[in-house]
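Let me begin by presenting the structure, written as C-alpha cells, before commenting on it.
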Amino acid sequence: MDFRYDIIVVGGGHAGCEAAHAAAVMGARTLLITMDMTKLAQMSCNPAMGGIAKGQIVREIDALGGLSGLITDRSMIQFRMLNRSKGPAMWSPRAQCDRQKFTNEWRREIENTDNLFIWQEQAQKVIVENGRVIGVETIFGTRFLANSVILTNGTFLNGLMHVGFKRMKGGRSGEQASDGLSDQLAEIGFTVQRMKTGTSARIDGRSIDFSLMTEQKGDEEGKKFSFLSGKEEIASQKSCFITHTNEAVHEELRKGLEYSPLFKGIIKGRGPRYCPSIEDKIVTFKERDAHQLFIEPEGNDTNEYYVNGFASSLPLEAQLNALRKVKGLEKVEIFRPGYAIEYDFFQPTQLKHTLETKRIKKLYFAGQINGTTGYEEAAAQGLMAGINAVLKMREKEEFILGREESYIGVLIDDLVTKGVDEPYRMFTSRAEYRILLRQDNADERLTRKGYEIGLADVERVKILEEKEKLKREIIEFLSENSVEPEEINSFLEALGTNTIKQKVKAITIAARPQVELRDLIEKVKEGAKLLDKISKRSEEISESAEISIKYEGYIQREKLVAEKIKRLDNLKIPEDINYGELISISTEGRQKLAKIKPVNIGQACRISGVSPSDVNILLMYLGR
C-alpha cells in the first residue's frame, strides 16, 4: 500500500517541525515521520532558546512565519536580553523554557495545521529512482511517496551514547537510534562522517542549596520573542542560579579520566569546541581553578534542574562525586547522568544553498545531520528546506537569503561553502554585517519576504507596517521639534552629558549615547501624546527608533559595503564549468572549486583555499 504526499519530512526535532509546518502552511500536502509523537521539538540539552546570535535566528524564523518564536513565548519561564552593555548589534534575546510545555505546544500546532499529517515509525531508507528521491520506506515496510523528502534526523543516525566505558545505541537518553539511512546514503555516494556532542546530568532541585549560589533573575521588560502581539505574560519568572567548580571538583574529575571514553579514544567523533565537556575543560584549561556553572530550571511543574557547563561522559560515580564538591550541590541527588553521543552527519558542502543535495534531486538535509549544533540553527535550516522544497515542486524561484540579509543566510552560506570540521555554532562574529542583522529589525528585513512566498500571514505584515509607521513618527517628531536650554539642561546634567547653550533639534540630543529615547520624548512639548500613541508597543518601537538614530552612520556605511560585495553574488558561474581545464588556477583552488561548485563569484571568494588571484583568473575566463 502506497501513501502519497507532496513533501515528506523525516524527523520530529526542531528542524523537522519547522520544515513540516512551513511546507504545510504554503499549501503542500505534508507528512512528518517521527519515532515518537510525544517528543516533537524535544529540548534534548538545556531547556532554553536563543542566546548570542541564536536569539537573532529565532527572531528571523518568526519574522518569516515560522513557529519557534511563538512557541518559545508560550512556554517561557524566564527572559533575558544578553549583551545589553554592548552595542545593539550584539544584543541577543534568550529565554528559559518549560521543557514539557515547549514540546506540548509544538504538538498542538503540528496536529492542528492544515495539510500536515503525522506518522509514528522509523524511516529506514529513501526511495530513489533515476537520480531523484520519490519517497521513504519505514522499518515495517510502509512506503510513502512524495515529490520531495527532507531528512532532519538530528543525532539519531547510528547514534551511540557513552557513560564511561558503558555504551548504548540511541539518539538520546531513553530513545533508540535510527539505523539504515546513513548506510544507504553512503552507498549512493554521500560523504558520511561522525560527530560528538554531550549533555549534563539532570539534578533534583530539592537537594540544591540555592542560598549558596548567585541568583540570576530575568528582565522585567521585553519578555517576548515573536513580533506578533498578544503574547502571554510570564506569570512568575523562575530564576537561574550561578555557581562554580573548584579545585576539589577538578580533582574528582581527574580521578575519572582513566575511565573517560573521550580521552581513551573510544569516542571518535569531533566535539563542539565552544561547548566542551567538563573533563575537556579541566584538561584544556588546566591553569584555571574554576569554571562557571548555571543551574537552570526545567519547568514550572518539576523539580528537575539542568547543570549548564557540566556536560560529561565520565562514569556515573565520577560525575556524582564531582558535583557534590560544587558549592550548593554538596547533597545533590541526580535524576540521570550526563552522557556523550556520537552520530553520523553529512558534510554540508554536498548541498546547494536551498539545502537540496547536489547528488540526489529533491532530497534535502536540514539540522544536525548537516554538522550544526543547537536548536536554533536546526530550526532555521528546517524552515528554509521546507520553503524551498515547496517552491521547487511548483517550479518557482528558489528562496535564498544573503549574508547581508540574515543570520540564516550566514549560517547556510558557511555550511555549504566552507563545510564543517566540528559542530557548527552561530556567533555574532560570523556575520560581517551584524549591525544590519540586529534582533530588533528581523521583521523589517524578512516579514515581507515571508509573506511573498506564502508563509507569513497578512497579520504579520499589518503589525510590521504599524511598527514602521510609528517608528517614522518618532523620528519625524524629534527632527521637527526643538528643545531650549532651560527645558533640557537639568535632564542632561543628571545624565552626565554636556548641556546645550542654544535651541537645538531634539534628534541631535537623541543621538547621544547617554540619552534614552523615551525619557527624552517626555521632555519635548507634545511628547506625552506621542508616547501614549505607541504605549502598547512602546519598548519595541522606541528601541528600534533609538537604534536607527544613534547608529545611522554605521548602518549606512555597512549597507554600502554590503551592496558592493553583493555585486559579486550577482556574477553567476555556469553549472557545467570544467575547473580542471583552468590550469592557471592553483591546484588547491581547482580542487576546492570542483568540490564545492560555487554558484557565483561571491561564493567562490569565500571558499577556503581559493585565492584572490584564482578568482581573478575565473573572472577572466567568464569574460568579466
#### Entry: Chi angles and distances behind the salt bridge (charged side-chain N to carboxylate O under 4.0 Å, His left out) call for Glu405, Arg445
CA-CA 7 Å; Glu405 293 178 297; Arg445 292 184 276 119; over 6 Å; no
Can you tell if the side chain of [X] reaches within under 4.5 Å of the side chain of [Y], non-hydrogen atoms only?
X      : Y      : result
Thr72  : Cys97  : yes
Phe365 : Pro348 : no
Ile242 : Met213 : no
Ile547 : Arg438 : yes
Tyr306 : Thr199 : yes
Phe79  : Lys224 : no
Gln96  : Glu298 : no
Trp106 : Gln42  : no

### Task
Would you name the heavy atoms of Leu478 and Ile549 that are closest together and state the gap between them?
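Looking at all heavy atoms of both residues, the shortest contact is CD1-CD1, 3.8 Å.
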#### Entry: Least distance between heavy atoms, Lys503 atom then Ser482 atom
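The answer is CG-CB, 3.5 Å.
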### Query
Could you go step by step and tell me if Glu473 and Lys469 meet the salt bridge (charged side-chain N to carboxylate O under 4.0 Å, His left out) rule?
CA-CA 6 Å; Glu473 286 187 26; Lys469 177 177 176 289; 2.8 Å; yes
### Message
Distance to the ring centre below 6.0 angstrom and angle to the axis at most 45 degrees; does that hold for Arg84 and Trp91?
### Response
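Yes, cation above the ring, under 6.0 Å and within 45°.
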### Task
Answer yes or no on whether Arg59 is positioned over the face of Phe225, meaning its NZ or CZ is under 6.0 Å from the six-membered ring centre and within 45° of the axis.
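Pair Arg59/Phe225 counts as cation-pi.
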For the [atom1] atom on [X], are there more than 12 heavy atoms of other groups (residues, nucleotides or ligands in this structure) within a distance under 6.0 Å?
X      : atom1 : answer
Lys550 : NZ    : yes
Glu215 : CD    : yes
Phe210 : CZ    : yes
Gln514 : CD    : yes
Lys238 : NZ    : yes
Gln237 : CD    : yes
Lys533 : NZ    : no

Cut-off 3.5 Å, side chains only: do [X] and [Y] have a donor facing an acceptor?
X      : Y      : value
Glu493 : Thr499 : no
Glu296 : Asn308 : yes
Ser544 : Lys471 : yes
Gln603 : Thr417 : yes
Gln381 : Thr372 : yes
Asn616 : Ser613 : no

### Task
To the nearest 0.5 Å, tell me how far Arg80 CZ sits from Asn83 CG.
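Taking CZ in Arg80 and CG in Asn83, the distance rounds to 10.0 Å.
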Between [X] (side chain) and [Y] (backbone), is there a donor-acceptor pair under 3.5 Å?
X      : Y      : result
Asn481 : Phe477 : yes
Glu558 : Ile435 : yes
Asp73  : Ser226 : yes
Thr245 : His291 : yes
Thr447 : Ala63  : yes

### Task
Please step through side chain to side chain donor-acceptor pair (under 3.5 Å) for the pair Ser277 and Asp280, ending with a clear verdict.
CA-CA 5 Å; Ser277 64; Asp280 201 0; 4.8 Å; no
### Task
Show your working on salt bridge (charged side-chain N to carboxylate O under 4.0 Å, His left out) between Glu546 and Arg512 and close with a plain yes or no.
CA-CA 10 Å; Glu546 187 166 11; Arg512 298 186 183 188; over 6 Å; no
### Message
Applying salt bridge (charged side-chain N to carboxylate O under 4.0 Å, His left out) to Glu476 and Arg472, what does each step give before you reach the verdict?
### Response
CA-CA 6 Å; Glu476 288 169 3; Arg472 283 194 303 272; 5.1 Å; no
### Query
Do Phe102 and His14 have ring centres separated by under 6.0 Å?
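That pair passes the under 6.0 Å test.
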### Task
Test Glu105 against every option in Leu70, Leu67, Ile71, Asp98 by the side chain to side chain contact (heavy atoms under 4.5 Å, CB included) rule and name the one that passes.
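Exactly one candidate clears the test, Ile71.
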### Message
I'd like to know if Asp443 pairs up with Arg460 as an ion pair, taking the criterion as any Lys NZ or Arg NE/NH1/NH2 lying under 4.0 Å from an Asp or Glu carboxylate oxygen.
### Response
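Salt bridge absent between Asp443 and Arg460.
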### Task
Begin with the C-alpha distance, continue with both residues' side-chain angles, and end with the deciding distance and a verdict on side chain to side chain donor-acceptor pair (under 3.5 Å) for Gln56 and Ser92.
CA-CA 6 Å; Gln56 283 88 327; Ser92 301; 3.1 Å; yes
### Message
Quick test of your reading: applying ring-ring contact (aromatic ring centres under 6.0 Å, His included), list the pairs with at least one residue in residues 412-462, sequence neighbours left out, ordered by first then second residue.
### Response
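Matches after skipping sequence neighbours: Tyr274-Phe427.
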